[in-house]
Amino acid sequence: DVFRNNGITLIVSGIGRLKATMAATHILDQSSDKQHLIILNLGIAGSTTHDYGIGNVFLINKIIDTNSRRNYYPDLLFRHDLPEQQVATFDQVVTAAETVGDFSGLVDMESAGFAAAALTFMAPHQVVLLKIVSDHLEVDHLTAHSVSEIIAGEISQIEKLIEILREMKLMPASTIPVPEQSIIDQITSALRLTAAQQRILRNDLFRCQLLFGEIPTGWEEYTAQPTQTKTERNQRFSKLREFLNGK
């Protein structure tokens with residue numbers, strides 16, 4: 001089903017990777033001016049931790065295809081106040097009785113299919129995913145009605161994000177300012193960042209340069225001393241991200 005109104009086109013994909021791929025491909029294949037479009041995947045996801053409550057909303061900064069182990073990274077080059085999280089896509093329903101292995105965070109059945117299709121047509125800064133926590137891998141209670149209620153409870157946040165995206169000034173990917181590699185290298189070395197964290201850092205620095213024309217001074221204090229443990233690294237990286245995104 002496809003609905004159009006007021007500059008927005010909505011397509012209902014249904015459940016699963018293949019349907020998400022087909023829906024994204026169908027809607028983008030019919031769009032002639034892709035340079036000025038943003039495609040948003042809105043859906044529910046299970047959470048591997050009870051730290052995230054039912055109805056919690058997340059912007060996705062990393063998508064993991066658990067089949068191919070390929071990762072996709074949307075570039076969130078706009079200011080927002082939503083928490084960010086990764087999502088891992090499985091081809092079957094993941095329940096509490098099953099293990100998710102290294103894939104902590106959010107899990108769903110659509111994001112990797114959507115991302116693979118969307119990034120075929122669009123630049124990473126034009127691809128956005130918003131996931132709402134619907135369960136903690138205990139899905140027997142989920143119904144169409146209960147899912148509708150969960151999403152309805154977050155309509156204000158969905159509308160706010162759509163307004164931010166509609167006001168966003170898109171530009172060709174080739175013109176987006178590139179942060180100095182020396183800064184990325186210095187932060188990576190001091191904090192001993194993982195590959196995924198390096199990608200997130202680059203995204204944050206892109207956003208700073210896009211919004212402010214420069215990387216704000218003050219980031220150096222977060223790299224004054226090398227981190228010694230994984231916990232320390234993650235804590236300091238989180239504080240650095242708060243600093244960069246709070247400017």
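Note that the numbering runs from 1 along the sequence shown for the chain. Values in this document were obtained by computation on a predicted structure and should not be read as measured data.
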Discussion item. Test side chain to side chain contact (heavy atoms under 4.5 Å, CB included) on Asn61 and Ile200; report intermediate values, then the result.
Written reply: CA-CA 7 Å; Asn61 55 27; Ile200 293 170; 4.0 Å; yes
Item to complete: Could you walk me through whether Leu76 and Leu59 pass the side chain to side chain contact (heavy atoms under 4.5 Å, CB included) test, one step at a time?
Response: CA-CA 9 Å; Leu76 304 177; Leu59 276 174; 4.2 Å; yes
Worksheet item: Taking Gln197 for the side chain and Thr194 for the main chain, is one N or O donor matched with an acceptor at less than 3.5 Å?
Response: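 It does hold such a pair.
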Worksheet item: Within the side chain of Thr120, is there an N or O that forms a donor-acceptor pair under 3.5 Å with the backbone of Ala116?
Response: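 Present.
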Item to complete: May I ask you to check whether Thr231 and Asn234 show a side-chain donor-acceptor distance below 3.5 Å?
Response: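 Their side chains do not contain a donor-acceptor pair, so the 3.5 Å distance test is not met.
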Fill in: Distance-only side-chain donor-acceptor flag, Gln157 / Glu154, under 3.5 Å
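Indeed, the side chains of Gln157 and Glu154 share at least one donor-acceptor pair under 3.5 Å.
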Worksheet item: In terms of heavy-atom contacts, does CZ of Arg166 have more than 12 from other residues, nucleotides or ligands at under 6.0 Å?
Response: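 Counting neighbours around CZ of Arg166, more than 12 heavy atoms of other residues, nucleotides or ligands fall under 6.0 Å, so yes.
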Discussion item. Does His141, at its NE2 atom, have more than 12 non-hydrogen atoms belonging to other residues, nucleotides or ligands within less than 6.0 Å?
Written reply: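 Counting other residues, nucleotides and ligands, NE2 of His141 exceeds 12 neighbours.
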Worksheet item: If you take all heavy atoms of Gln126 and Leu37, which pair is closest and at what distance?
Response: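 It is NE2-O, 2.8 Å.
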Worksheet entry | For Leu142 against Ser134, the heavy-atom pair lying closest together |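 Between these two residues, the closest heavy atoms are CD2-O, 3.6 Å.
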Practice prompt. Could you list the residues that satisfy ring pair (Phe, Tyr, Trp, His ring centres under 6.0 Å) with Phe58, not counting sequence neighbours?
Written response: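 Listed in chain order: Tyr52.
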Worksheet entry | Pairing residues for Tyr73 by the ring pair (Phe, Tyr, Trp, His ring centres under 6.0 Å) criterion, not counting sequence neighbours |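 Ring pair (Phe, Tyr, Trp, His ring centres under 6.0 Å) check on Tyr73 returns nothing, list empty.
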Worksheet item: Testing Ile64, Leu106, Thr89 for side-chain contact (heavy atoms from CB on, under 4.5 Å) with Ser111, which one passes?
Response: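 Among Ile64, Leu106, Thr89, the one that satisfies the side-chain contact (heavy atoms from CB on, under 4.5 Å) with Ser111 is Thr89.
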[atom2] on [Y] to [atom1] on [X], rounded to 0.5 Å:
X	Y	atom1	atom2	value
Arg236	Thr229	CZ	OG1	9.5 Å
Asp1	Leu10	CG	CG	9.0 Å
Ile60	Lys131	CD1	NZ	7.0 Å
Ser146	Ile151	OG	CD1	10.0 Å
Thr21	Glu110	OG1	CD	10.0 Å

Item to complete: May I have the step-by-step check of side chain to side chain contact (heavy atoms under 4.5 Å, CB included) for Ile39 and Val128, ending in yes or no?
Response: CA-CA 6 Å; Ile39 185 166; Val128 183; over 6 Å; no
Item to complete: Apply side chain to side chain contact (heavy atoms under 4.5 Å, CB included) to Phe90 and Asp108, showing your working.
Response: CA-CA 6 Å; Phe90 291 80; Asp108 78 350; over 6 Å; no
Item to complete: Using a strict 4.0 Å threshold on nitrogen-to-oxygen distance, state whether Glu84 and Lys62 make a salt bridge.
Response: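 No, Glu84 and Lys62 are not salt-bridged.
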Worksheet entry | Electrostatic pair Arg202:Asp75 at N-O distance under 4.0 angstrom |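 Salt bridge flag = no for Asp75 with Arg202.
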Practice prompt. Taking side-chain hydrogen bond (donor to acceptor under 3.5 Å, both in side chains) as the test, write out the residues that go with Asp65, two or more places apart.
Written response: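 Testing Asp65 for side-chain hydrogen bond (donor to acceptor under 3.5 Å, both in side chains), a comparison that skips the adjacent residues, returns Arg17, Ser68.
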